[in-house]
Structures are given as C-alpha cells and as structure tokens.
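What follows is a single structure, written as structure tokens, with notes after it.
These numbers were taken from a predicted model, which means no experiment stands behind them. The first residue in the sequence is number 1, and the count goes up from there.
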Amino acid sequence: MRSSGAAALPDFVRLDGDAVTIMVTTGARGGPGLIHFGPRLPDDEDLAALVRATAPLRHASQPNVPQLATLWPQAGRGYAGLPAMTLRRGDALQDCDLVLVETGVSTDALNLALADPVAGVAIALDWRIGAGDVLRARATLTNTGGGPLAVDRIASVALPLPGWARHHTRFHGRWAGEMRAEASPIPYGRSGGTSRGGRPGFGGGNWVIAHEADFGTDYGRAIALHLAWSGDHELAIERDADGVAVQMAVRLDAGEVVLAPGAHFTTPEAVIAVTGGGRNGLRRTLHAHLRADVLPGRRDWPARRVHLNSWEALGFDLDEASLIRLVADAAAIGAERFVVDDGWFAGRRDDTTSLGDWTPDPTRLPHGLAPVIAAAHAQGMDFGLWVEPEMVSPDSALYRAHPDWCLHRPGMNRPTERHQLVLNLARADVAEHVFGALDRLLSGHPIAYLKWDHNRALFPNDGAGMAQVSALYALIDRLRAAHPAVEIEACASGGGRIDYAMLSRCHRVWPSDNNDAIERLRINRAWSLFLPPEVMGNHVGPSPNPITGRVLPMDFRAKVAMFGHMGVEADPAAMAAAERDTLAAHIALYKALRQRLHGGAIHEITTDDPAVFAQMVGDADTALALVARTDFADEYNAAPIRFPGLNNDARYAVSFPLSDRPPLNLSGTALAHAGLVLPLARPATAFLVIFERIA
C-alpha cells in the first residue's frame, strides 16, 4: 500500500516473513509505532483489533499524545529519551517535527517516509526481510533545506523492545580473549558503548541480544541486533518508566558528514533477528541469513580447504628453502592450501619495517614467490599469502616516497601502533596505489587466497572514519571484481573486525589470534551465535601454546580445530611422529565430514558440568558432535551427555571415530534423554560422535 499524503495513510501496515510478522501503526501517537515483531500472525488477523488491544494506557505526567514504541524517536514530540538523530545547521541544533507522509509494503520490504518541510529534513526508513526471517534496517536522511546540514548522529535502527525483553547478553574482550559473553538485567538509564579505533574492536560491542530472563540453550525469546559496519559504532540501550529501547548507529565525528542541499546519507544496515528457540534458535536464524544473503557466492564455494599457515612454524625467519621444506611437511599431513604469512616481502625482518612494500624480498626469496608456489602445486596444494594493505611502516620505501599518504595531523608527530601507520585510503591516489600493488601480486602469481590483516587502530582520524571504511569496501569490491576466484580472509589481530559487511566481501574470518584449543572452545562458542563454522578459521596450534603457555595433547587440539574451517599453524617437523600421525588422521576425517560440518545446523548442547563443552552439527538424519572437557572433573562418574535434536522415533548408528570406543545402536529418545557416558574425567579430553539414522 502506498500513499502520497498523510491524511490518506492507512492506520497500520504489516510485513510478513516465513514465520514472523512486523506490524507498524502509522497514525496513532505520531507514528510510526511498533505493534508487533514476533511470530507470524494469521493472514486474516483483525489488525485494527490488535491495535486497540495493545494500545498502552495513559499515565500521569505524560504528553497528551505520548510517543511510545516509536521507530523514530524525536525530542520535539516530548520524547524524553535519546532521539534517533542529531542535526545542525551552522552552530545551531536543527529541531525537527517529522511526520509520516508515505508508506510502502512489498513482498519483502517495508518503507516509511517522514518529512519536516519547515526544517528541510526527510527520513526514509527501509526495512527488508530475508532468509531466516532476518530483518535488515537502514535509514536515509535527505537535506531538503536551503543550506548545509551537519549530521552529528543518526541511528540505523531505533527499536522499542517488548515487555519480556528485560535482560540482555553483551560481549566484551581483548586481543586473544575475544567475545566474552555476559548476561544481565538491562539497567535503568542509558547504557551501551562506542568504539573509537576505526573498527568494531575485540569486545563485540556491535552485537547484542535482548531476551527474557529464562533464556537458555533451546528455549526462551530473544531479539539479536548487529550493526553491519566495519568501522566505529554506537550502541545505546535505554530503560525508563516507559520501557526499553535500543539504538545502533555508526559513530560519527563532528563535521564528518555534512549534506549539501539535495544530498542524502544512508546509514549502514542494522541486522535484527527474533527467535523463540533460545540460543540454538538464534543460531539457526542468523546462520540461514548469513549463508543465503551475506556470504559472497557461497553456493559456488569449493570445499573449505585445510590450511597450513607458516607463521607459528617460521615466524619472520623464512626463506625459499625453509618454505619449500614446510610445503613438503604440510602435504605429508594432508594440508590442501599453503599460506605464507608475514615476513615474505622486501626488507621485512621484524614488525618494525617494510609494510607497504609488497614485493618479494630479494635476499630471502631471490626467485620470488614462484618456486614456493610451484612446490605447493606439485604437492596438490594451492597457495595463499598474507598482506596488510591498509598499513604502512615509517621504515619503508612507500613511506619515504609518500610520507603524506598516511593519516596524520600536519605539523604534528605521527604516533604509531605496532610500529605502523594507517594509509589514507580515502585519497584516490593512495587507493589506486594499493589496488595496483595487490592486482600485480594476483595477476602475476596463481594465488588462491589472501589473508587480509589489519593490526592497528585508526588514529588520528579527524573525521576520517566513515570515508576510510567506505574506501576499504570499494577497494575490496574492486579487487574481487578483478580476481573473482580469489578467497579472502578478514583478520584484524584476530577478531577485531568481524561484521556482516566485511563478510559480504570475504570468505572467512579469523576469530582470534589465540589458537589455544581450550580458549578457542569459548571464543568459537560465542561467535557461533552469529557465525556458521565454515567462516571461522580454526587452526591446530603448537604446544606449548605461544600465547597461553598451555600444553595440550594433539588429539584434543585436532578435534577442536575440526569444528570450523580447519587449518594448522604449527611446524609438523617439530612434532613427534605420533603427533603427526594423529593430526593427519584428523585432517583426513575432516575432509570426509566437512560437507556436514559446513552445511548443517549448529546445536549447542547443555551439559551438567560447566567444564564440558558439547556441540552438534547436522540434522535429524546425520550429525556430528564434539564433546570436550576443559578442566578436571569434580566426580569420578561423569554425567551422561544428552543429544537433543535428533528424531525421537528413529534409530541411530552411533560411532566414535579415532577412538577405541565400540559403536552402538540407540534410539533418538534414548540419546536425547538417557545420553552417553564418555570417559571425560581428565582435562583436555575430547570425543567425536557420529550419528547415522538407520531406521
């Protein structure tokens, strides 16, 4: 339905997905107001009656036309909370009294247009629903006035939360300790946070889940929100006497976005998922969205190839001979892709030099990359390469030739992080140079994969954040168009820049620089709320682990690494023969099972012991589970692990690959309620369990 005048607007509009309905009132209380965002309503639902049934009662000390449950809160109507946007004309705040003037509903989209012709401001809200019934929301601001309009803040989404959503799960963390989930009641007042490093950061602040108090593995209602943006963000959660609302927005510096008359600005997308099925229901919803609507060309992806990355094996101490030796060792354990990490380019001996000089080091690689690539191909492997294209070392040929190409304040010192500076990609000459360097590498060599790293926060930015991220997107998009077969991994010192906008351009992410298998169980479990296993690089690291110092058996490390995009970040030559054999056996099993791992639904399994991690991937016909103990058991007799999600009436062949435990035949009911007792008394013990339906 569509109208050109406010008087003719319908009283309400609805947008339906496969299993959800979004219903918006357009006239009451100033509109647009959210009436329902949840399970799909019947097609013949009396929507007018629903509006009357859910109309809030008036209370004391309130405007005569209260602005409750609005999708675009504004101060001019008596709203006491955070407005959805803050604008300026010159030095004065631009007050607005936006009125809904147009609505539009199509098969998968809801469009709402608001305008204030006196203020010269128009807003278009675009809500689209796709795979998994996931909603994508953005706002477009147009300057319809006669002078420049500065945007201090504008939300991608302003969502009032239902009365049951009075708890939330947020995430915090640091380098090598990302995505620490913390559930708590939503406090009164305003909470949230911002990032200021030019990327989302290690803490996962652009991901939040609002839920009811009784929200568990397979039960409980929740609304998850994510800002699909690779730069700085704002999250604002407000709870007051009128309820709870949440806003997500790109963080803007003063003067960063100024619109000329007639110009417009569109926010990054906010991604919103609603579920009634607990954390596993949320996984199913968001993974369906990512697989169908986000990941580039996923249907045509080859199998997720087993990597061996040179970093933990060689570090900076690499040359042609050591790399070719490592190629042979990688092939012997079954690796399918050989990745040369940092240290391959001209002058690079440590992390103080040479970023930006993307040509092979003539001393270490006198014949370039060709002999190493040829060695990998001879062993049946393809070749990948580490780059950090957004950065430059002050000690580099590029910086000496173009010292003005980095982000800096003229006449002031240039503070470094990790001995590097940030290239100003918003400059056309810089973006052209970086594209040319990468294009020459990819055109001159059969490179199948780039590990694209980003190891430094963006400072000083002086309002450059939005332009920098937009230029980064344009650079990656241009490179992918020129080399569509090349896979790209997004890394930012691990999980410092993981978001759906980056994943719409890349094929996998690096969840953490921490390869300690016990730490990775926790980190990956949190990321798996939002990411399916095929996009999470998950490698077998060395023992002792270089970050934690923990010593873990190969059997445990390899089993954990299988539940993701498997790889190896260790030197096979430094392993005992038995360790290499164990690793090779797990790699072979991963190859046999990866189609299940990377196409099925992830199911977190609740255990009676918090030191036991259990996760299952698959469907009611065939599934694979990982059960792993991280700490010493309190009791001799470990509690059984129950496996819900199978068909209760079916019978299953249950096997335990790479162990001496004999197979079993059990019903789905027995597996879900009686479960399996596994010998899990010792820490760093893990089992794989395969379920095959036989009747």
Side-chain angles (χ1 to χ4, degrees), residues 171-181 197 199-204 307-318 326 339-343 350-352 386 388 391 417-420 451-457 489-498 508-528 531 536-575 579 583 586 611 613 626 628-632 683-686:
F171 302 87
H172 63 92
R174 59 171 177 82
W175 173 77
E178 294 89 339
M179 291 298 282
R180 298 182 182 275
R199 59 188 184 185
F202 296 113
H307 291 196
L308 188 135
N309 183 289
S310 70
W311 180 247
E312 295 295 354
L314 300 174
F316 289 112
D317 189 20
L318 56 82
L326 189 59
V339 181
V340 175
D341 208 281
D342 198 355
D350 53 37
D351 66 359
T352 67
W386 179 94
E388 194 172 359
M391 306 298 167
E417 182 178 336
R418 288 175 58 110
H419 310 289
Q420 60 197 55
K451 180 176 180 180
W452 188 300
D453 215 339
H454 179 281
N455 284 311
R456 183 200 192 277
E489 174 182 81
C491 175
S493 299
R497 186 170 66 185
I498 295 178
R508 75 171 207 167
V509 295
W510 187 234
S512 179
D513 279 348
N514 194 340
N515 271 326
D516 182 301
I518 288 177
E519 284 297 304
R520 271 302 187 98
L521 286 173
R522 182 197 61 75
I523 292 168
N524 289 357
R525 176 165 50 189
W527 277 124
S528 76
L531 308 177
M536 293 193 289
N538 205 29
H539 290 186
V540 175
S543 184
N545 184 272
I547 291 176
T548 67
R550 188 180 277 132
V551 176
L552 295 172
M554 177 58 74
D555 182 83
F556 184 82
R557 286 179 279 153
K559 283 183 169 59
V560 170
M562 286 179 60
F563 273 64
H565 183 176
M566 188 179 189
V568 178
E569 202 132 346
D571 189 352
M575 303 173 189
E579 285 188 311
L583 178 55
H586 283 81
F613 168 95
L626 169 68
R629 171 169 287 283
T630 60
D631 205 352
F632 197 70
T685 303

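Here Glu312 pairs with Pro542, Pro546, Glu569 under the side-chain contact (heavy atoms from CB on, under 4.5 Å) rule; sequence neighbours left out. Residues meeting the ring-ring contact (aromatic ring centres under 6.0 Å, His included) test with Trp386, sequence neighbours left out: none. Partners of His565 by ring-ring contact (aromatic ring centres under 6.0 Å, His included), not counting sequence neighbours, listed by chain and number: His307.
Contact detail for Gly541 and Asn515: the closest heavy-atom pair is CA-CB, 4.1 Å. Shown here for Ile498 and Pro511, the closest heavy-atom pair between the two residues is CD1-CA, 3.9 Å. Closest approach of Phe171 and Ala526 over heavy atoms only: CE2-CB, 4.4 Å. Here the closest non-hydrogen pair linking Val540 and Met554 is CG1-SD, 3.8 Å. A pairwise comparison of heavy atoms in Arg522 and Gly177 identifies NH2-C, 3.7 Å as the closest pair. The nearest pair of heavy atoms linking Asn514 to Ala176 is ND2-O, 3.0 Å.
Not one N or O on the side chain of Arg520 forms a donor-acceptor pair closer than 3.5 Å with the backbone of His539. A donor-acceptor pair is defined here as one N or O able to donate and one able to accept, closer than 3.5 Å; no such pair exists between the side chain of Ser512 and the backbone of Gly495. Listed for the Arg550 side chain is no donor-acceptor partner under 3.5 Å among the backbone atoms of Asp516. Side chain of Asn538 to main chain of Val560: a donor-acceptor pair is present (N/O by atom type, distance under 3.5 Å, no hydrogens or angles).
Contact annotation: the side chain of Glu519 never approaches that of Ile547 to less than 4.5 Å [non-hydrogen atoms, C-beta and beyond]. Side-chain contact check for Ser310 versus Leu326: some heavy-atom pair is nearer than 4.5 Å. The shortest side-chain heavy-atom distance between Ser528 and Met536 falls under the 4.5 Å cut-off. Side-chain contact check for Ile518 versus Phe556: some heavy-atom pair is nearer than 4.5 Å. Side chains of Trp175 and Asn455 form no contact here, defined as non-hydrogen atoms less than 4.5 Å apart. A 4.5 Å side-chain heavy-atom check between Met391 and Glu417 finds every atom pair outside the cut-off. Within the 4.5 Å cutoff, the side chain of His586 has heavy atoms near those of the Asp555 side chain. Counting heavy atoms from C-beta outward, Leu552 and Asn545 have side chains that stay 4.5 Å or more apart.
Rounding to the nearest 0.5 Å places OG1 of Thr352 at 12.0 Å from CZ of Arg418. For the atom pair Arg180 CZ and His172 NE2, the distance stands at 7.0 Å (nearest 0.5 Å). Note that SG of Cys491 and CZ of Arg508 are 9.5 Å apart. Values are rounded to the nearest 0.5 Å. Note that NZ of Lys451 is 9.5 Å distant from CG of Asp342, once rounded to the nearest 0.5 Å. In this structure, His454 NE2 and Arg497 CZ are separated by 4.5 Å, a value rounded to the nearest 0.5 Å. Note: Leu318 CG to Asp341 CG = 9.0 Å, rounded to the nearest 0.5 Å.
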Stepwise side chain to side chain contact (heavy atoms under 4.5 Å, CB included) test for Phe563 and Leu521:
CA-CA 9 Å; Phe563 273 64; Leu521 286 173; over 6 Å; no

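Geometrically, Arg199 engages Phe202 in a cation-pi contact, judged by NZ or CZ lying under 6.0 Å from the ring centre and within 45° of the ring axis.
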